[in-house]
Amino acid sequence: LSWVAAFRMTGPPARVLVHVPARALEYAQALTSAVLRPAKIAAPCAIEVRVGVTAAEAQSLAPWPDIFFGAGLAPEVLLEMPRLGWIQWAWAGVDRLLDHRPFAEALAQSRFRLSRAVGLFGPPLAEYVLAYCLCLTQGIPQVLEAQRERAWRRFRPGRLAGKRLGVAGLGSTGGEIARQAARLGLEVWGCRRSGASPGPTPEGIARVFGPTQLDVFVSGLDFLVLALPLTPATRGLFSAGLLARMKPASVLINVGRGALVDERALVEALRAGRPGWAVLDVFEREPLPPESKLWSLPNVIITPHLAGLSRPDDIGDLFLHNLAAYRSGGPLAGEVRADLGY
Ligand SMILES: NC(=O)c1ccc[n+]([C@@H]2O[C@H](COP(=O)([O-])OP(=O)(O)OC[C@H]3O[C@@H](n4cnc5c(N)ncnc54)[C@H](OP(=O)(O)O)[C@@H]3O)[C@@H](O)[C@H]2O)c1
């Protein structure tokens, strides 16, 4: 499948190959509509779109594209594209790409530029996080259990107000989670690689910590939310030692990547009641294997990586913004730095 979309034809179109598992056509249509509509952001050039519905189809088009838009394609295949100057990843995490050493080296040598989806996942992730904070504070699991048993079991629900929530990772998703949590009356702490130093404290955050202060950060929280990218520096960061610093009744919510946490240590920590609960959307291995011990723990809520699902239409403006930036050599929104791994 291939077509040209031009709001105004000025010069040859940029060649864009689109592949997103099971949704390539929807995304290709969303990019096309974004280019055609005389909206907030004007398309800087026409685009010629080709759609690789399957990965094999995308691979067969490897000699053709200037730009790859999409996700779920193996880094080896992207490296086979000789004309490629820019990859706009349709998902937020790029750890699978950068784990492939030749790909990471090619990025470090500026063979192409790489940007990831930013500004789309914060609102759904914030709703997910706050939904489970409220769920556990209100004792919804106990309520449902009592109802199944037809038992009139009164208890005193907790309140979010006055509790402290910490967000590890204050980027495009963590920043939004922090803002929304502060609006609900939680005291919000944050942790980021750059620590407290650069610029003003992000909106709604009472205290900002750096990576070397993680133990102090973690031990002061009622809710710990992981919204970090998976990089060499963050893999396994939440180790047995750090989990042991969490308060007994605290809640760990992981919406970043499974491998941020040592999963074996987490199972032991949950058995010991520290943290008291875990709400997990991401896992070391996905789908979470049936034999995982996490499934049978009574204090775990498991969701199948759905906290921050994006819709094709959401990404049109980001694509246009970055297309213009790419054409002019300016900074891309969500541009990935090879040296930092995110
Ligand atoms: N569950 C889902 O459905 C879902 C959806 C979207 C995203 N995600 C995951 O969430 C991750 C984060 O996304 P994002 O868009 O918010 O990323 P981002 O904008 O790049 O923000 C990353 C944040 O992590 C901080 N950070 C990086 N390395 C660190 C370290 N070693 N110690 C402490 N802080 C560190 C950064 O610090 P600085 O501010 O100092 O740079 C930044 O604040 C993605 O990589 C993806 O894996 C999951």
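Every number for a ligand or one of its atoms is a count from 1 in the order of the listing.
Residues K293 and E268 are not paired through a salt bridge, judged by the lack of any N-O separation under 4.0 Å between the basic side chain and the carboxylate. For D66 and R83, the salt-bridge test passes: some basic side-chain N is under 4.0 Å from an acidic carboxylate O. Using a 4.0 Å cut-off between charged side-chain N and carboxylate O, R179 and E176 make a salt bridge. Using a 4.0 Å cut-off between a side-chain N of Lys or Arg and a carboxylate O of Asp or Glu, E335 and R337 do not qualify as a salt bridge.
Nearest protein neighbour of atom 5 (C) of ligand 1, counting heavy atoms only, is L125 CD1, 3.8 Å. Looking at atom 32 (N) of ligand 1, its nearest protein heavy atom turns out to be P211 CG, 3.6 Å. The protein heavy-atom contact nearest to atom 22 (C) of ligand 1 is P229 CD, 3.6 Å. In terms of protein heavy atoms, atom 9 (C) of ligand 1 is closest to G256 O, 3.4 Å. The protein heavy-atom contact nearest to atom 15 (O) of ligand 1 is S172 OG, 2.8 Å. Scanning the protein for heavy atoms near atom 18 (P) of ligand 1, the closest one is R116 NH2, 3.1 Å. Nearest protein heavy-atom neighbour of atom 40 (O) of ligand 1: S194 OG, 2.4 Å. Protein heavy atom in closest approach to atom 7 (C) of ligand 1: A92 CB, 3.3 Å.
In summary, the aromatic rings of F103 and F112 are positioned with their centroids under 6.0 Å apart. Less than 6.0 angstrom separates the ring centroid of W86 from the ring centroid of F319.
Every atom of ligand 1 with a heavy atom of L228 under 4.0 Å away is listed here by number and element: 11 (C), 12 (C), 24 (O), 25 (C), 26 (N), 33 (C), 34 (N), 35 (C). In summary, the atoms of ligand 1 found under 4.0 Å from a heavy atom of D281, numbered by their order in the structure, are 1 (N), 2 (C), 3 (O). Ligand 1 places these atoms under 4.0 Å from at least one heavy atom of H305: 1 (N), 2 (C), 3 (O). Counting atoms of ligand 1 from 1 in the listed order, those under 4.0 Å from a heavy atom of V255 are 1 (N), 2 (C), 4 (C), 8 (N), 9 (C), 48 (C). Near G308, meaning under 4.0 Å from any of its heavy atoms, are these atoms of ligand 1: 2 (C), 3 (O). Which parts of ligand 1 touch T234 is read off a 4.0 Å heavy-atom cut-off, strictly below it: atoms 28 (N), 29 (C), 30 (C), 31 (N). Near G171, meaning under 4.0 Å from any of its heavy atoms, are these atoms of ligand 1: 16 (O), 18 (P), 19 (O), 21 (O), 23 (C), 42 (C), 43 (O). Atom numbering of ligand 1 starts at 1 in the shown order; those under 4.0 Å from a heavy atom of A227 are 12 (C).
Of the heavy atoms in R257, only side-chain atoms (C-beta onward) come closer than 4.0 Å to ligand 1.
Within 6.0 Å of the CZ atom in R96, the count of heavy atoms belonging to other residues, nucleotides or ligands does not exceed 12. Few gaps surround CZ on R153; more than 12 heavy atoms of other groups in view lie less than 6.0 Å from it.
Looking at R193 next to ligand 1, an N or O pair under 3.5 Å apart turns up. Considering backbone and side-chain atoms together, Y342 places an N or O closer than 3.5 Å to an N or O of ligand 1. Residue C191 has no nitrogen or oxygen atom sitting less than 3.5 Å from a nitrogen or oxygen atom of ligand 1, judged on distance alone.
Contact annotation: the side chain of R235 approaches that of D99 to within less than 4.5 Å [non-hydrogen atoms, C-beta and beyond].
A pairwise comparison of heavy atoms in L242 and V218 identifies O-CG1, 3.6 Å as the closest pair.
Atom 16 (O) of ligand 1 has its nearest heavy-atom neighbour, among L309, T173, V118, L237, in T173.
Scanning for salt bridge (charged side-chain N to carboxylate O under 4.0 Å, His left out) contacts around E26 gives R23, with sequence neighbours left out.
Ligand 1 lies less than 4.0 angstrom from a heavy atom belonging to L170.
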Which side-chain N or O atoms in residues 276-287 pair as donor and acceptor under 3.5 Å with protein atoms at least two apart or in another chain?
| from | atom 1 | to | atom 2 | distance (Å) |
| --- | --- | --- | --- | --- |
| D281 | OD1 | T303 | OG1 | 2.7 |
| D281 | OD1 | H305 | N | 3.1 |
| D281 | OD1 | L306 | N | 2.8 |
| D281 | OD1 | A307 | N | 3.4 |
| D281 | OD2 | L306 | N | 3.3 |
| D281 | OD2 | A307 | N | 3.0 |
| E284 | OE2 | E263 | N | 3.1 |
| E286 | OE1 | H305 | ND1 | 2.7 |
| E286 | OE2 | F283 | N | 2.9 |
| E286 | OE2 | H305 | ND1 | 3.4 |

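Remark: R207 qualifies as a cation-pi partner of W189 under the 6.0 Å distance and 45° angle criteria applied to the six-membered ring.
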